[in-house]
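Report on the structure given below.
The chains referred to below are lettered A, B, ... by the order of the sequence lines, with proteins before strands, and numbering in each begins at 1. Values below: all heavy atoms of this structure, side chains included; hydrogens, waters and symmetry mates excluded.
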Number of protein chains: 2
Amino acid sequence: MSTAADRELPLPPPAGCRAREILEIIADKWSLYVVASLGDGPRRFNELKRSIDGISQRMLTVTLRGLERNGILTRTVLNVMPPHVSYELTPMGSTLVAATAPLIEWSTRNLSAIDAARLEYDARGARRTSSRR
Amino acid sequence: MSTAADRELPLPPPAGCRAREILEIIADKWSLYVVASLGDGPRRFNELKRSIDGISQRMLTVTLRGLERNGILTRTVLNVMPPHVSYELTPMGSTLVAATAPLIEWSTRNLSAIDAARLEYDARGARRTSSRR
DNA sequence: CTGAATCCACCGGGATACTG
DNA sequence: CAGTATCCCGGTGGATTCAG
């Protein structure tokens, strides 16, 4: 029966639980690029598309809609011919960019270390892990 | 037709944009939880499983392997019966936790604003965007 | 120019069962 | 206790086409 499992944790999803939910705002494949690109200033649809290598029209649209819905950016339609649409970070969007900065910096600073770790891990065939007795 | 010949584009992103690649380390569904949980200290497999609500054995294993491969944590096997396996953050893993802190804080600070933005967006049926002429 | 719509391939990830 | 092995479903996202 209850061996030593009295360590029940009644709050597995801690206060930071919704942090995941928020992470999902930028954890998809393209949001980070879009947000980063808008960090330089307002952009139009095709400007964004050109600035983000490999993104499809569909995914750019989907990504922009999601970010707009979450209040990260605004969409402004210029009623002219041909139509222009300008995307711009909201104040909250700007603070998000700032909040991601440490992570970006961490990544650039640890790129080589991560590559090395991967090489080593793959080299040893994942067979060998440190063991003690 | 002849789709077999078009084997290309492993990763076309620009030079400095490996940030995405790094984000993928924690952008999956569970890594953040695992890393956060280990931030409190070393944990064993089932301890982690219990502390992370809803995670399956499979996904915990997969997530741990990925983080280990990337040098974020170490896996230590205690050769005893029954077997014990301890997971612990590497120094690099600890710095990662620190780098994610601003994002976590941002999320908690903007939760309500995001909810409000979503409600408003959904309320207006996404029909109305600001337009100028 | 800026999208919406459709079709579809891929794989992340859940449930379950088995192993050392 | 700490995994591995299968099966399988749904979401993500690419390519393409149509529309305002």
Side-chain angles (χ1 to χ4, degrees), chain A residues 3-5 7 20 23-34 42-68 73-87 125-127 129-131 133, chain B residues 1-4 6-13 20 23-34 42-68 73-87 125-127 129-131 133:
Chain A
T3 49
R7 312 179 155 277
R20 263 231 98 266
L23 222 213
E24 286 170 2
I25 291 178
I26 56 163
D28 59 282
K29 197 170 179 182
W30 299 109
S31 288
L32 241 207
Y33 283 146
V34 172
R43 292 284 169 86
R44 293 185 21 211
F45 187 85
N46 274 357
E47 286 179 335
L48 284 170
K49 186 168 188 315
R50 277 191 299 271
S51 74
I52 303 172
D53 191 46
I55 195 172
S56 65
Q57 288 184 350
R58 180 182 123 86
M59 288 319 297
L60 180 52
T61 301
V62 170
T63 302
L64 287 169
R65 288 292 176 279
L67 292 172
E68 184 192 4
L73 55 79
T74 59
R75 176 176 182 270
T76 306
V77 179
L78 282 294
N79 286 320
V80 297
M81 273 304 287
H84 282 208
V85 180
S86 179
Y87 293 93
R127 243 173 296 285
T129 55
S130 60
S131 61
R133 36 184 347 261
Chain B
M1 307 14 186
S2 73
T3 51
D6 302 318
R7 312 187 98 312
E8 219 172 322
L9 68 134
L11 268 185
R20 259 235 101 262
L23 222 213
E24 287 170 2
I25 291 178
I26 55 163
D28 59 283
K29 195 171 180 181
W30 300 108
S31 288
L32 242 207
Y33 283 145
V34 171
R43 293 285 168 86
R44 295 188 13 214
F45 186 86
N46 275 356
E47 286 179 335
L48 283 170
K49 187 169 188 312
R50 277 191 299 270
S51 74
I52 302 172
D53 190 47
I55 196 171
S56 63
Q57 288 183 353
R58 179 182 124 84
M59 287 319 298
L60 180 53
T61 301
V62 170
T63 302
L64 287 169
R65 289 292 178 278
L67 292 172
E68 183 192 5
L73 55 80
T74 59
R75 177 176 182 269
T76 305
V77 179
L78 282 294
N79 286 320
V80 298
M81 272 303 288
H84 283 207
V85 180
S86 180
Y87 293 92
R127 241 173 298 285
T129 55
S130 60
S131 61
R133 39 182 341 257

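- Residues of residues 55-63 of chain B that place a heavy atom closer than 4.0 Å to DNA chain C, in numerical order, are B:Ser56, B:Gln57, B:Arg58, B:Met59.
- B:Ser31 and B:Ile26 get closest at one heavy-atom pair: CB-CA, 3.8 Å.
- Nucleotide C:dG12 holds its P atom 17 Å from the CD1 atom of B:Ile26, rounded to whole Å.
- The separation between A:Arg50 atom CZ and C:dT2 atom C1' is 12 Å, rounded to whole Å.
- Look at A:Lys29 and you'll find a side-chain N or O under 4.0 angstrom from OP1 or OP2 of D:dG14.
- We find that CZ of B:Arg44 is positioned 13 Å from C1' of D:dG3, with the value rounded to whole Å.
- Looking at residues two or more places apart in sequence or on another chain, you find a side-chain contact (heavy atoms from CB on, under 4.5 Å) between A:Arg44 and A:Glu47, A:His84.
- For B:Glu24, the side-chain hydrogen bond (donor to acceptor under 3.5 Å, both in side chains) partners at least two apart in sequence or on another chain are B:Arg20.
- With distances taken from any side-chain atom of A:Tyr87 to the nucleotides D:dG3, C:dG3, D:dC1, the minimum falls on C:dG3.
- Bending across the helix from C:dC1-D:dG20 to C:dG20-D:dC1, expressed as the angle between its end axes from five pairs apiece, amounts to 40° (10° rounding).
- Residue B:Arg75 places none of its side-chain N or O atoms closer than 4.0 Å to OP1 or OP2 of D:dA2.
- Residues that satisfy the side-chain contact (heavy atoms from CB on, under 4.5 Å) test with A:Pro83, not counting sequence neighbours, are A:Met81.
- Of all heavy-atom pairs spanning B:Lys49 and B:Ile55, the tightest one is NZ-O, 3.7 Å.
- Considering CG of B:Leu23 and CG of A:Leu23, their distance stands at 7.0 Å, rounded to 0.5 Å.
- Under the side-chain hydrogen bond (donor to acceptor under 3.5 Å, both in side chains) criterion, A:Thr63 pairs with no residue, sequence neighbours left out.
- The nearest pair of heavy atoms linking A:Phe45 to A:Gln57 is CZ-O, 4.0 Å.
- The CG-C1' distance, from B:Asp28 to C:dG14, rounds to 15 Å in whole Å.
- If you take CZ of A:Phe45 and C1' of D:dG20, they are 14 Å apart, rounded to a whole angstrom.
- A:Leu64 and A:Val34 make their closest contact through CD2-CG1, 3.8 Å (heavy atoms, listed as atom of the first residue, atom of the second, distance).
- The CG-P distance, from A:Asn79 to D:dG20, rounds to 16 Å in whole Å.
- One atom, CZ of B:Arg65, and another, P of C:dG13, lie 17 Å apart when rounded to the nearest Å.
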